[in-house]
K.L.:
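Before we start, here is the structure in question, set down as C-alpha cells.
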Amino acid sequence: MTRYLVHRLGQNLILLWLVSVIAFTVLHLAPGGPLAQFALVPGLTQADLARIAHQMGLDRSLPVQYWEWFRRMLVGDWGRSYRDTQPVLLVIGSHLFATLELMVSSTIIAVLLGTWVGVLGAIRRYSLFDYLATVGAMIALSIPTFWFGLVVIYIFSVKLAWLPAGNLYTVGDGSFLDFAHHLIAPSLVLALVTVAIWSRYMRSSMLEVINQDYIRTARAKGLRERSVLIDHAFRNALLPMITIAGLQLPTLLSGALVTETVFTWPGMGRLFLDSIGYRDYPMVMGVLMFSAVLVLLGNLMADLLYAASDPRIRLD
Amino acid sequence: MSDVADSPREIARAADEAPSRRARSRALRRFMRHRLAILGLVVIVLLVFFTAVGPHLIAFDDLHIDVRNRFQPPFAGPHILGSDPLGRDQLARLLMAGRVSLTVGFAAMALSTLVGTLVGAVAGYYGGLVGVALMRFVDAVLCFPTIFLLLALAAFVTPSVVSITLIVAATAWMEVARVVEGQIRALRDRDFAIAAEVLGASDLHIMLRELIPNAMAPIVVAATLNVARAILLESYVSFLGYGIQPPTPSWGNMLENAQEYLGTAPWLAIIPGIAITLAVTSFNFVGDGLRDALDTRLDIA
Amino acid sequence: MTPLLQVEDLRVRFRTDTGIIPAVNGVSFVVRPRETLALVGESGSGKSVTGLSIMRLTPRGGGCRVEGRIRFGAADLLALPEEDMRAIRGNRISMIFQEPMTSLNPVKTVGEQIAEAIRCHRQIGRQAALDRAAELLHTVGIPDARQRLASYPHHMSGGMRQRVMIAMALSCEPDLLIADEPTTALDVTVQAQIVELLKRLQQQTGMSVIFITHNLGVVADIADRVMVMYAGRIVEQAGTVPLLTSPLMPYTQGLLRSVPRLPAGQHQRRRLDAIPGNVPDPAELPAGCSFRPRCPHAVAGVCDTTLPELEDTAPGHLVRCRRWRDIAPAGA
C-alpha cells in the first residue's frame, strides 16, 4: 500500500508540475499577458506600463518568473486579486463551498439514477428500457448544459413557479429548506451529463461482470437471482466505477461553471468567469491551478479508494 | 460458428449472439442504431444544406435591425421563427449562426484530429522517453476542466472564427492522441510494421503508410465525435461571452442574452438550443454508428 | 436399482442470427446411486451443455432451448419452477467447473463464499457456517483450513482454488456432483491430486459423480461407466473396462489412440495418432453418421445414408455405428 501510494503520489506530483507549467505558459504567452488589464486603462503611457511590468517582475525571463511564481505557490502564496487585493486562495476558499455543494448533490443524483438505469439496462439488455436509456443518454450528452438550464428555469421557475431561478438562498431566509429548494434545479441540470455517462459505464461494467464464471458459480450454489445480481455481480461491477467517478471531475467542474453562470450561483465557476471579465490575472491563474489540483486529488482519492476496496490490490 | 460452444463462457457468448426473442430485439436494436446513424447523417446534410442555401431563400437579412418588429413570436407573422430584441429575423440568424457553428465544428475537428494523430503517432511509435513525455503532457492538459482552459485561452485573444477554432481544437486533441497512441503502440510490433522496418523504410514512411492507415477506424470515429464536441464547446464559450462576437451570430451567442427574456420571449432561448442539440446529437449518432460498424471500442460502450 | 438421475431425450439448441445450432441432439442416460459416470468428448461435443442442462444453468434468455426430461427423484428438473430448482442447485446437485482461476468471486473471501453456499440451503448461523466451511476445507486437503477462510481467491493457486470449489460443491452433501473438466486447467501433477481427491470424496460420501472430460486417460482412474459423445449425441456407452479395452466405435478407438498414457499393454507400442479432421459444424452435420467424414472405416452407401441407431452389443454396452461388427476385431 505504501509503495503504491508513494508511486501514485509521485506521478501526481509530476503531473501537477506539468499542469503548473502549462497554466503559467498559457497565460504568460497570451497576447498582453498579465499586463492586459493595465493596457486597457486609458492614460497610461508606455513608460508607465514598463514601470508596472518591472514592479511585477514581468521584465525578467520567463523561467525566472515561473520559478518565482512556483516557489510562492508551493508555500500557499497564490498572489492577490487585482480587483480587491484579497489573497487568491482566500477568495477561492470563499467560493468553494457553493461549488462543492452543487457538485456533491448532483453527483448523488447521478450515482443513484445512473446506477439504477445502468444496472437495469444490463440486466434487461436489449429491452425497450435499455434501448431508450441508450438513446436517451446519447441525447443527454448532446444537450448544452446551459441551454438545459434555461429550459429548466423556463419550465419550473417561469411557467410553474415551483423552483427559484437562481441564487444560493433567498435573502432574509437562509433556512436549510430554503437552501435545498434553491439547490434542486442547478443540481438536476448539472447531473444531466453525469447521469448519462454514469449509466453507460455502469451498464457495460455490469454486463462484463454478468458474463464472468464466478456469477455462474454463484448460480450453481443455488443463490437467489437477486443475491447473485446484488452480492456478486453488482459488488464487482461497482469497483471500476470508483475510477470512473474520479475521472468525471473535470467534466463536473466544467459543467459547474456553466450551471453556476445560468443560476447565478456564487461558486468557483462564476468566480473564474468574473475574473476573466476583469482580467484579474492572479485569480484566473489561481482558479485554473486550483481546479487542476482538485482534479488530480480526485483521481488520487479514487485510486486509493479502489485500492482499499479491491482485495486483489495487495497491501504491501 | 464452426465450434459449438462448449466452455460455458463460449456458451454465454454464443447465447449472447443467439437468443431468439432477444435476437430479434437485438437485430432491431442494431437496425435502429443503424437507422439513428443514418438519421443523424440526413440531419447533418440538411443542416449543411440549409445553412448554406437557406439565407438566400428568406426575405430577411440576419443583420437587418427593425425596432418596430422586436420580439415577434414564432409562427405568427413574416418572421417564421420570430424576431429578437433588435427586431432581427430569428430564422435568418439561426441559419447564419449555423454556418459559423458548423464551420468551427468541422475546422476544429480537422485540426484537433490532425494534431492528436500526430502526437499520438509519434508517442506510440517512438515510445520510450518521447512517448512518456508526450503522453504525460496529454494527461496534464486533461487535468484542466475543458471549459476553464477554453475560457482562459479565449479571454486573452481577440475572438474571431479563426481564433475560436484554434482554441477549441487546442482543448479537444488529447483524446485523439490517446486513442492513436494506444493503436500505434499495439500495431507497432505487428508483422507488417516490422517487415517494413526490415526493408529499410523510414520512420515517417512506416508511420504514415503502415501504421496510421491501420489505425484509421478509431481515428474516424474519434474525429466524428470531435465535431459534436467542437460544436458544443463553441456554443459554451460563445454563450459565456468569449466566443464568436456579435453581430456575427453563432448558436452559442444567440443564447447569450436569451436568459433575460425567458419570461417574455422564451423562443429566443429555446430555438437555438434545439439547433445545437440537433446538430450535436446527429454527429454523436453518426459517430456511434461508425463505432459499431467499424467495430472499434472507444470510451463508452 | 432405481437410478438417481434419468435423462431422457435431452435436446439443447442455441438460436443465433445465422440459424439454429443444435448442441445436444437427443441424449438419454441414467446415473445410478454411488457411481461415477464419465462423459467424454471433444470440445463441441455437447458434453458441457449436457451438464449445464441438468443444473438448468444454460444461458438465460430465449436463445437457448432445452427439451426432454431430466428425472431426479420424483421431479422432472426441466419442468420445475425456478424456486424449486434453486433449492436443488448446490444442495442436492452441485457442479464444479473447468476454470478454477475465474470461477471464484475475486472480492469475497473463500470462507464467505463457502459459508454462503451452506447458508442458502441450511438454517444455520454465520459462525456455524464458517466452522463447517473450515471443516470442508480441511476435508479437501487445504492446510491451515481455519486461517484460509479469510483468504481471497487470488491468494491461492489453481489447484487450491479447485479444492475450494470442490469444498463449496460438497458443502450441502449433494447426491450428485457434476464435475465439468475439473482438471483441464491445472498442472499435470495437480490434476492427479484433484482426481484422487474426487475419488476419495466420492467413496466417503457415497454421492454419484458425472465426470465430464475430454481425456480418456483420466477416465480409467475414476469412472465406473463411460459415455462418449460426438456432435451432440452419445456414440458409445459401456463400463470403463470394456470401453477402454475393446472399444467398438471408431471414434472411441481414435480417442484412445490419441491418449498418451494407455491403460492396457497391447496398446503400448502404438504411436500417438490424432483423429484427422475437425469436429463438424453442428449447424451443418453431415448426413448419416456424424463421424463419417473423419472415420477410417466409413463406407459409402452404408455410413452416409441415415443416422445409425444406438445398438446394444453386449449388456450395458451401446454403440452408434453400422459397421461395429465388421471393424471390432481390427480396431481393438
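Order of the sequence lines sets the chain letters (A, B, ...), proteins ahead of strands, with each chain counted from 1.
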K.L.:
Hey, are the side chains of C/Leu77 and C/Met55 touching, using non-hydrogen atoms and a 4.5 Å cut-off?
P.N.:
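No, too far: nothing below the 4.5 Å cut-off.
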
K.L.:
Of the backbone (N, CA, C, O) and the side chain (C-beta and beyond), which part of A/Arg235 lies under 4.5 Å from a heavy atom of chain C, both, or neither?
P.N.:
side chain

K.L.:
So for A/Ile215, is it side chain, backbone, both, or neither that comes closer than 4.5 Å to the heavy atoms of chain C?
P.N.:
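For A/Ile215, no heavy atom lies under 4.5 Å from chain C.
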
K.L.:
To the nearest 0.5 angstrom, please state how far the CD1 atom of C/Ile20 sits from the CZ atom of C/Phe14.
P.N.:
12.5 Å

K.L.:
Counting C-beta onward and ignoring hydrogens, is there a side-chain heavy-atom pair between A/Thr99 and A/Met103 closer than 4.5 Å?
P.N.:
yes

K.L.:
Is it the case that atom CD in A/Glu208 sees more than 12 heavy atoms from other parts of the structure closer than 6.0 Å?
P.N.:
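Open.
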
K.L.:
Relative to chain A, which segment of C/Ser94 carries a heavy atom at a distance below 4.5 Å: side chain, backbone, both, or neither?
P.N.:
neither

K.L.:
Between the side chains of A/Ser187 and A/Ser105, does any donor sit under 3.5 Å from an acceptor?
P.N.:
yes

K.L.:
Taking all atoms of both residues into account, what is the closest heavy-atom pair of A/Asp130 and A/Arg124, and its distance?
P.N.:
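Nearest pair, atom of A/Asp130 first, then A/Arg124: CB-O, 3.4 Å.
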
K.L.:
Quick one: which of A/Asp231, A/Asn236, A/Val209, A/Leu239 has the most heavy-atom pairs under 4.5 Å with chain C, could you say?
P.N.:
A/Asn236

K.L.:
Quick one: what part of C/Met101 sits under 4.5 Å from any heavy atom of chain A, side chain, backbone, both or neither?
P.N.:
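When you check distances to chain A, no heavy atom of C/Met101 falls under 4.5 Å.
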
K.L.:
A/Phe129: which residues meet the ring pair (Phe, Tyr, Trp, His ring centres under 6.0 Å) condition with it, sequence neighbours left out?
P.N.:
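Partners of A/Phe129 by the ring pair (Phe, Tyr, Trp, His ring centres under 6.0 Å) criterion, ordered by chain and then number, come out as A/Trp116.
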
K.L.:
I'd like to know if the side chain of C/Gln98 reaches the main chain of C/Pro182, judged simply by a donor and an acceptor atom lying under 3.5 Å from each other, with no hydrogens or angles considered.
P.N.:
no

K.L.:
Tell me the residues of residues 104-119 of chain C whose non-hydrogen atoms fall below 4.5 Å from those of chain A, in number order.
P.N.:
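The list, in residue order, reads C/Leu104, C/Asn105, C/Pro106, C/Val107, C/Lys108, C/Glu112, C/Gln113, C/Glu116, C/Ala117.
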
